[in-house]
Amino acid sequence: MLNFESIRIKRLLSSSILLMNLIVYAQFKNIKNDTFWNTVEGKPIYSQGGGIFIFPNPKTGEDTYYWYGVHYKEAELYRKDPSQTQARNNFVAVTCYSSTDLVNWRFENNVLEKNEVEQDGRTGWLGRMGVVYIPEKKQYALFIQHNNSVLIALSNSATGNFKKHNRLDMTEMIGTPNTGDQTVFTDYDTGKSYLVYSYGRGRNKIYISEIGIKNGKVDLLDCTQIYKGKGREGNCMFKYNNKYYVFASNLYGWDSSYAYYLVAENIKGPYTPTNEMLITPGCMDDFAHITQTGFFVNVEGSKQETVVYCGDRWANFAGNGLGYNQWVPLSFDKDTPVFNSLNSWNLNETTGEWRVAGDNNYVKNPSFEADRRAIPSPVKPIQEHITGWITKVYQGNAVLVGDSESPQLNYFNSQEDRKHVIGEKSLNIEDKVDFKRKVFQFIESTPSVELADGVYTLTAKIKTNGNFKILNMYAESGGIEKHVSVTKKIENWSIITLENITVKNGKVEIGFYVDGDSGSNCQIDDVSFINQKN
């Protein structure tokens, strides 16, 4: 039986007991993004659009992290062959994995099977779900979007087989039968759980409803509208320092987005700013590490509390890189959450501490997947430059939104290209006239993520066509520049490497400088900047 008071008391254990545990258990373990994840048994993890919840392990009684999400058939296909984006989303099951450290996961069960949710022989859409414990029934309830309704299924255990229990038509409550997007949030301080969701059409409203019992059924007890404004999806929330944060993303389909947020002192609001979500600092250079907002996990350790942003990367449906789950730690500047876009980092679940891993790739948007359209783009989102990168034209056509003479800054990879490079897009450097151009980005230390002084290696994949007088990949730090030149035509994707780059004062500029003849072009992808100590 789930006891929320015991969870609260556990978090207030004396420091002496925690220190004893630290001697045995404390260690940092790696979370590696931009790749597909496996269980400790080496089996693929398939979990999208879900959440992580703390429940007692039925065998040991130990509070355990249980991760629920949806397994789509197309997730298997894309993982086997990332060169082809999948067009469909066929439901296989809701999966459950367990962990005690948020790094090593074991498969528990397919807790909601396809045959349990079929309607007239068809499954339809299922996604965006979470699980809560219902004390009155001594059962666990799974809330999941199912076509034009919210399906509730029950199980006697956190890892058992969930069976249909109730189906909610949301029309009377919000005006549409379905939710736009949704997650489940449990406030472990109060023991109450909530559904966080948006309006079904246009997603321009966000609501919070407490979960409980109504007329003998698990249901939503109320409905509080906390936001009305621009359309938002990927609705989710967390609690930190006694404040509630609601997050959401843009309406970009399966593509990545900025991470937007609201904050309040009471879960029902009022949330500020009123009806205007703020962009989370740190998420803009790569659209939240090429994700949509998914859910959060609070790690309350003996030394600090860390909030982990768990983003959904719908790569199987958008072709935007490797991996379906991208997790990064948040920092806070007073009440402002700060997004730390990391490729690799280490977490100590016991102490709550985190640090950047030695093999972290410091480049933002390194595979150029953040942008969903040809850049410069005259349509949503209107933008002139590739996200995270700066283009400086010394000679040739200017980069202008809506100008037919403007060069296109990104290249849409063919299926053959994608057998050699990651994702649907790469950097494109070309022009109809003779041109000189530089594409670059600055990498520098932040209050939370240090770019340590040291020696680094810069790599990229490249192919060329036409004639280039100069084609350099370079790095400059502390007034000293190093570069490697491409002197021959490269028809097939090849790796270029620049080693022994000395970083000083926690800042470096990396990029590419070209001097090309009219009609020449080169594509660049999969850029990395990694400390050579690794």
Side-chain angles (χ1 to χ4, degrees), residues 27-35 282 285-286 289-290 321-323 326 328-329 331 338-348 353-368 386 388-392 420-422 426-427 429 438-463 470-488 490 493-514 522 524-534:
Q27 58 181 308
F28 286 86
K29 299 176 183 178
N30 183 247
I31 294 177
K32 181 72 171 178
N33 290 318
D34 305 301
T35 188
D285 286 341
D286 59 2
H289 206 80
I290 325 291
L322 303 182
Q326 312 293 320
V328 302
S331 302
V338 178
F339 189 94
N340 296 302
S341 184
L342 296 172
N343 158 262
S344 183
W345 59 288
N346 298 323
L347 173 68
N348 187 323
E353 298 170 292
W354 65 271
R355 59 177 63 146
V356 181
D359 64 344
N360 179 61
N361 179 10
Y362 287 87
V363 180
K364 300 291 181 64
N365 193 17
S367 293
F368 306 96
I386 289 179
W389 295 84
I390 303 167
T391 297
K392 187 172 183 179
H420 308 281
V421 295
I422 295 171
S426 56
L427 173 64
I429 305 179
K438 183 169 75 168
V439 182
F440 62 101
Q441 73 171 243
F442 294 106
I443 302 172
E444 56 188 319
S445 295
T446 70
S448 302
V449 177
E450 179 188 16
L451 178 67
D453 288 358
V455 181
Y456 290 74
T457 296
L458 176 65
T459 65
K461 294 177 183 176
I462 187 170
K463 68 174 183 175
I470 301 174
L471 203 172
N472 291 344
M473 180 174 74
Y474 73 92
E476 187 275 325
S477 181
I480 299 175
E481 179 187 308
K482 293 192 67 174
H483 69 264
V484 58
S485 297
V486 176
T487 58
K488 296 181 180 180
I490 303 176
W493 287 102
S494 300
I495 297 175
I496 55 174
T497 302
L498 180 60
E499 297 181 321
N500 301 318
I501 302 164
T502 300
V503 170
K504 295 182 178 180
N505 304 317
K507 184 175 182 179
V508 64
E509 177 186 326
I510 64 165
F512 307 88
Y513 176 80
V514 301
C522 73
I524 298 168
D525 213 337
D526 303 342
V527 185
S528 69
F529 189 75
I530 299 175
N531 196 311
Q532 285 184 198
K533 280 186 178 180
N534 177 55

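Owing to the predicted nature of the structure, the values given are computational and were not obtained by experimental measurement.
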Subject >> side chain to side chain donor-acceptor pair (under 3.5 Å) contacts touching residues 495-508 (sequence neighbours left out) >> reply: Asn500-Gln532

Original post:
Tell me, which pairs form a side chain to side chain donor-acceptor pair (under 3.5 Å) where one or both residues lie in residues 354-364, sequence neighbours left out?
Top reply: Lys32-Asp359, Ser344-Asp359

**OP:** For Phe512, enumerate each residue passing the ring pair (Phe, Tyr, Trp, His ring centres under 6.0 Å) test, keeping only those at least two apart in sequence or located in another chain.
**Re:** none

**OP:** Check the pair Tyr456 / Asn531 against side chain to side chain contact (heavy atoms under 4.5 Å, CB included), numbers first and verdict last.
**Re:** CA-CA 4 Å; Tyr456 290 74; Asn531 196 311; 3.4 Å; yes

Is a donor on one side and an acceptor on the other found under 3.5 Å between the side chain of [X] and the backbone of [Y]?
X      : Y      : answer
Trp389 : Asn365 : yes
Asp525 : Leu427 : no
Gln441 : Gly511 : no

**OP:** Would you please name every residue forming a side chain to side chain contact (heavy atoms under 4.5 Å, CB included) with Leu322, sequence neighbours left out?
**Re:** Phe36, Pro82, Ile422

For [X] and [Y], work out which heavy atoms get closest and say how close.
X      : Y      : result
Phe529 : Ile501 : CE1-CD1, 3.9 Å
Val421 : Lys461 : CG1-CD, 3.7 Å
Ser341 : Gly282 : CB-O, 4.5 Å
Asn33  : Leu342 : ND2-O, 2.9 Å
Leu451 : Ser445 : N-OG, 2.7 Å
Asn343 : Asp34  : ND2-OD2, 2.8 Å

Subject >> From CG (Asn348) to CD (Gln27), nearest 0.5 Å >> reply: 8.0 Å

Original post:
Rounded to the nearest 0.5 Å, how far does CD1 of Ile510 lie from OG of Ser477?
Top reply: 12.0 Å

**OP:** List in chain and number order the residues that pass salt bridge (charged side-chain N to carboxylate O under 4.0 Å, His left out) with Asp285, two or more places apart in sequence or in another chain; answer none if no residue qualifies.
**Re:** none

**OP:** Kindly state each residue pair satisfying salt bridge (charged side-chain N to carboxylate O under 4.0 Å, His left out) with at least one member in residues 443-455, sequence neighbours excluded.
**Re:** none

